[in-house]
Amino acid sequence: MRFFDRSQMERPKMLDSTRVRAALDEVMSYLGLEDQKMISQRRMRIDTDLLNHPDITGAVFEGFGEICAYCETPASTSGLGVGHHRPLGGAADESGATSQLHYVWLAYEWENLLPVCAACNRHKGNRFWVMGERGRLRASIRELRGDGENSRSLTSSMVGDPVRMEHALLLDPTFDGIADELQFLPGGTAFAAGKRGAATIEMLGLNRADLVSARKQAMRFMASILLKDLEHVEAIPTGAEHGWASYLIGFDNSLILPHRGAVTLALMRQANEWLPGNSTLPVMLGLLEKLEGSERYDLLRPFLEDEAQTGSTAPPPPAPAKRPRKPSRTVRKQDLPAAELPLEKVTISNFKALAGIEFELPSQTQDLRRVPCMLILGENATGKSSVLEAIAMALLGTGEVAELDKLLDDETITPSEFQHRPDFDNWDVLATDPLQVSVSFLGQEQGAYLEGGGKQCHFGGSLAPSKILLAYGPRRFFVKRTSRRYRAPAWRVRSLFDPMMVIPNPIQWLLELDDEKKFDAAVRALRVVLMLDDDAKILRDGERILIDTPQGSTPLSKMSVGYKSIVALSVDIIRELFHHYDNLEDAHGVVLVDEIETHLHPRWKMQIVGLLREAFPKVQFILTTHDPLCLRGMQQGEVFVLQRNEDNARVETLEELPNVQGMRAEQILTSEFFGLGSTDPETDAKVERYHFLAKKVGRTAAEEDERKTLVAQIDKRMMVGTTMEEQVNAAALSVISEGTEIDTLPLAPVRDGDRKRMMKQALSGLLSD
C-alpha cells in the first residue's frame, strides 16, 4: 500500500453531469423518505453503468497509475474495477452486523472512488470497521474524516467531537498515514504497526500468498539494483506528509518497479533497524552511497537471501492448533474453507454422460459488487443436470455425500451409479478410468475434489463441505402446511436428486420470522425478484403475506404458480443465508438450480437470472436451462452451451459464443450458437438456403430472385449465420442488395473482434469483385 495524492488527479467531468446529479438526487430522496418501512424494505439502486462510464474509469485508473489502490497489483495481472472505499450500503462491522444505509450517499463521490483488484474487492466486500459509532447519514467525507490534522490519528478524542468524526479502521490510501500503521518485511509479508494496520490487513487480505510472493520478488529486484548501482535510482515525492510514505523509490529510466509502496517501506524499515535516524528515503539512499560493497550487502541481505524473518515488529507466530471440533451436520461459515471464495474452474471426468469437460468462469464481473455466475444451455441428454450433480457432490464433501445416499429411497449415490458408460449398446460396461470432479476457488490453491471407481462402495476426495450450498431440481413446489426444514448440507441439495422433494412453506416462515430487521432484509430481496414498484410494500397481516400497492393488496398465496415457485425458491435461499449473515446484499454461497425456466412466463424467463443476481449479488448461481431467453442477465464468459459431437459419443462445450449482453431477444432465440436455430424446420431450411445463396459469388438471375424472396420471408432482424464469417458476409450482401445502413444491422458483438469493422472490410472486398 502507498499514498496517492488525489489533489494531483483530474476529477472526471462526468461526475458533474446532469446524469450524476439526477442519480444523487434519487439517493437523497431515498434517504429522506418519511416512511421508515419504505426505506427498510427497499434497496438503493446504484447506476453501475454510470460508474463504469469511460470518463470515470479512465480518470480513476489513470490517476492511480493503473494499479490497485490497496495492494498495488498492476491492472495487467489483476483486472481492475472502480470500487468504493466506503461501501454502498450494508456496511459491516467486525462482528458482521451491518448498517443498511451506510454509505449509499457516497456512491458518486470522487474521493470515495478507487481502482480495486478482484482479490482485494473479494476480501473487503462490504466490510468497513470503525471505532465507536458510524458517522451521521449524508455526512460528507470531510466530515467523516474530521476537520483537522487530528483526524489522521485515532489518538484524538472520541468524545464531544463537534463534527461527529468517524474513526475508520480501514486505511484510506489517499488520506491516511500509511507508514504509521502498516509495515512490510523483506520476505513480502505485511504486518501491523497499529490497530488500523491490523484491521486493514485483515479486511483486504494483504497477506494472501500470491501477493506476498509478488512483493518479495519486487523487493529482491530492487535490492539487487541497490547493491550494484545507485546511479539511476531516485526518490519520488508522493505528496504525503507522513514520514516514510512521503517518497517512493523508483528509476529515472524505463525500468518499472511493481509494489513500490511496500518496497519503499520495507527498505526504510531495514535501514532504520541497521542505523536509526534515516527518516526519509533520500537520506537512506545517501547512506547506501557511502557504504562499501560488503557493508551494503549486509544491509540488503534480508532482501537477497531467504532468511527467517524475526524481530519485535514481525508478526507473532501462529497460535497452537485447536483440538478438532466434533463434526456437525449443521455447517458454520467459519468452518467452510471457501465460504466467501467464488468458484473459478470445474473439471469433470467420467461422470455419467460426461467423459471429460471443463468450465472456467471469469474472475470478476463488470459490477465489482457481484460474483461471476454460470448458465448451462443445452438440449435434453447433453448432461446439464449431471454437471450440477457433480458440482454439488464435490462441494458437499464425501461425508455428506454418504448422508445423501441414506436420504434417497429411489437413488443410490455410489461410484458405480455415476461412472461414465462409454458404450450405449453395452450399458453395463463402465469407463476404465475413475470418475473425477475437481472444483477450484478463486485465490485458493486447495479446491474441492471427488473421485470414485466403479468397484468402490464409497467416494474419495474432500471430506467436509467447502461452501454454503443449496441445490434445487426442476420441480420446485412447496406445501401449504407447516413442515420442518432440515439444515444439514445433504438435505439442502436433496431436491436436485429427489424429484419428489418439496420446499418448506415460505409464507409460514415469513409470518413467524420474529426479527423485524431480518424480515425487512428478506423483503428487500423479494421485492427485487418480484419486480415490485418502489411504492409497494410486503406486509404481514394475520395469517397472510400481502403485497400492498396503491392499487390494492393481494395475498401472496393468490399469486400465480410462477410467482409462488420463485418466492419459494428465494425464501428458501434467504432462510439458509440468514443463519450465516444478517445482510443478504453481502451473503455468499452457491445455489444450483436445474431448469430455471420451469413455471415461468416468457417475460420472467428473460429477467429471472438478472433479478436473482441483483437480489443476491454475492451468491454464485449455477443454472441450467433449455430456453435461450434465460440467457439475459449473463455476462461474457458465463454462458456454456453443451452439445454432442458429430458421432454423438461425447458431450462438449460450444466454443466462441457471442456476448449475450449485446443481443436482442429475437437474436438469442434464432442464433445458431444456442442450438435452436429458428422456431420451426421450414424456417431452418430457408435460413440454410439463404446462407448458401448469400455466400455464392456470381449468382444466376433465378438464384438472385430466390435470394430476394428468402429475404422477404425471413425476419430481417434475425442474426443470420452460424459463424462470425457467415454473419458478416450475409450482412455485407444485404447492404449491397438492399441498401441497408450498416449501423442499423443487428450485428452481435463477439469477444475478439468488431463485426462492423469486419463487415466494412467484407463489403469493400465484395464491391471490388
Side-chain angles (χ1 to χ4, degrees), residues 1-5 8 64-67 71-74 173 176-194 197 206 211-314:
M1 184 176 277
R2 71 170 79 162
F3 178 81
F4 294 89
D5 189 355
Q8 299 302 309
F64 288 81
E66 301 281 342
I67 65 173
C71 72
E72 301 185 274
T73 301
D176 292 311
I178 306 299
D180 297 335
E181 295 285 344
L182 200 61
Q183 290 292 314
F184 295 89
L185 294 172
T189 302
F191 71 95
L206 291 183
L211 183 55
V212 170
S213 176
R215 287 195 295 248
K216 179 180 178 179
Q217 293 178 20
M219 291 174 186
R220 179 163 292 187
F221 174 74
M222 187 71 247
S224 66
I225 298 293
L226 293 174
L227 182 65
K228 300 173 184 177
D229 185 12
L230 286 168
E231 182 180 354
H232 298 291
V233 178
E234 60 181 355
I236 304 169
T238 65
E241 302 172 1
H242 321 308
W244 292 358
S246 56
Y247 289 91
L248 279 177
I249 198 164
F251 307 102
D252 62 2
N253 51 32
S254 60
L255 284 176
I256 298 175
L257 177 68
H259 300 282
R260 289 196 293 160
V263 171
T264 302
L265 292 178
L267 284 169
M268 292 300 301
R269 175 182 172 275
Q270 176 63 18
N272 275 267
E273 285 194 353
W274 199 76
L275 184 64
N278 298 290
S279 57
T280 64
L281 183 62
V283 174
M284 190 273 283
L285 293 177
L287 167 68
L288 283 175
E289 283 185 324
K290 297 176 182 177
L291 295 179
E292 298 295 334
S294 60
E295 291 180 307
R296 189 181 297 182
Y297 187 90
D298 287 341
L299 190 153
L300 298 172
R301 183 190 303 274
F303 300 97
L304 300 167
E305 300 178 4
D306 291 325
E307 295 182 348
Q309 303 297 316
T310 60
S312 59
T313 55

Visitor: Closest approach of Pro282 and Ala235, non-hydrogen atoms and distance?
Guide: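 Reported closest heavy-atom pair: CG-CB, 3.9 Å.
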Visitor: Please tell me whether Glu234 and Tyr247 have a donor and an acceptor in their side chains that are separated by less than 3.5 angstrom.
Guide: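 Result is no, nothing qualifies.
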Visitor: To the closest 0.5 Å, what do you measure between CG (Leu299) and CZ (Arg296)?
Guide: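 Between atom CG of Leu299 and atom CZ of Arg296 there are 9.5 Å.
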Visitor: Rounded to the nearest 0.5 Å, what separates atom NE2 in His259 from atom CZ in Phe184?
Guide: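 If I round to the nearest 0.5 Å, the distance is 10.0 Å.
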Visitor: Please confirm whether the backbone N or O of Gly261 pairs with a side-chain atom of Glu72, one donor and one acceptor, at under 3.5 Å?
Guide: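 Indeed, once roles are kept as given, a pair shorter than 3.5 Å links the two residues.
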Visitor: Just verifying a value: how many Å separate Leu291 CG and Leu226 CG, rounded to the nearest 0.5 Å?
Guide: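 The CG atom of Leu291 sits 11.0 Å away from the CG atom of Leu226.
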Visitor: Roughly how far, to the nearest 0.5 Å, is the CG atom of Leu248 from the OG1 atom of Thr264?
Guide: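 Taking OG1 in Thr264 and CG in Leu248, the distance rounds to 5.0 Å.
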Visitor: Any side-chain heavy atom of Leu227 sitting closer than 4.5 Å to one from Phe303?
Guide: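 No, side chains not in contact.
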Visitor: Which heavy atom in Glu289 sits nearest to a heavy atom in Leu230, and how many Å separate them?
Guide: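 Nearest pair, atom of Glu289 first, then Leu230: CG-CD1, 3.3 Å.
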Visitor: In terms of ring plane angle, is the pair Phe221 and Phe251 parallel, tilted or perpendicular, where the classes change at 30° and 60°?
Guide: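 Rings of Phe221 and Phe251: perpendicular, over 60°.
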Visitor: Are any of the side-chain heavy atoms of Met284 and Leu288 separated by less than 4.5 Å?
Guide: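 Result yes, sub-4.5 Å side-chain heavy-atom pair found.
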Visitor: Once you round to the nearest 0.5 Å, how far does OG1 of Thr189 lie from CZ of Arg215?
Guide: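 Separation between the atoms: 7.0 Å.
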Visitor: Please determine whether side-chain contact (heavy atoms from CB on, under 4.5 Å) holds for the pair Tyr297 and Arg301, giving the CA-CA distance in whole Å, both sets of side-chain angles, and the decisive distance to 0.1 Å.
Guide: CA-CA 6 Å; Tyr297 187 90; Arg301 183 190 303 274; 3.7 Å; yes
Visitor: State, to 0.1 Å, how close Pro173 and Met1 come at their nearest heavy-atom pair, and which atoms those are.
Guide: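 In terms of heavy atoms, the two residues are closest at CB-CG, 4.4 Å.
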Visitor: Looking at Thr238 and Ala245, would you say the former's side chain and the latter's main chain have a donor-acceptor pair under 3.5 Å?
Guide: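 Yes.
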Visitor: Test side-chain contact (heavy atoms from CB on, under 4.5 Å) on Leu267 and Met222; report intermediate values, then the result.
Guide: CA-CA 9 Å; Leu267 284 169; Met222 187 71 247; 3.9 Å; yes
Visitor: Under the side-chain contact (heavy atoms from CB on, under 4.5 Å) criterion, do Leu182 and Leu206 qualify, and how do the steps go?
Guide: CA-CA 11 Å; Leu182 200 61; Leu206 291 183; 4.1 Å; yes
Visitor: Identify the two heavy atoms, one from Leu304 and one from Ala223, that lie closest to each other, and give their separation to 0.1 Å.
Guide: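 Shortest heavy-atom separation between Leu304 and Ala223 comes out as CD2-CB, 3.8 Å.
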Visitor: For a quick test of reading the model, state the closest non-hydrogen atom pair linking Ile67 to Pro74 and the distance between them.
Guide: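 For Ile67 versus Pro74, the nearest heavy atoms are CG2-CA, 4.0 Å.
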Visitor: For residues Met219 and Ala262, report the shortest heavy-atom separation together with the two atoms involved.
Guide: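 Result for this residue pair: CE-O, 3.6 Å.
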Visitor: Look up atom CD1 in Ile178 and atom CD in Gln183, then write down how far apart they are to the nearest 0.5 Å.
Guide: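 It is 11.0 Å, given to the nearest 0.5 Å.
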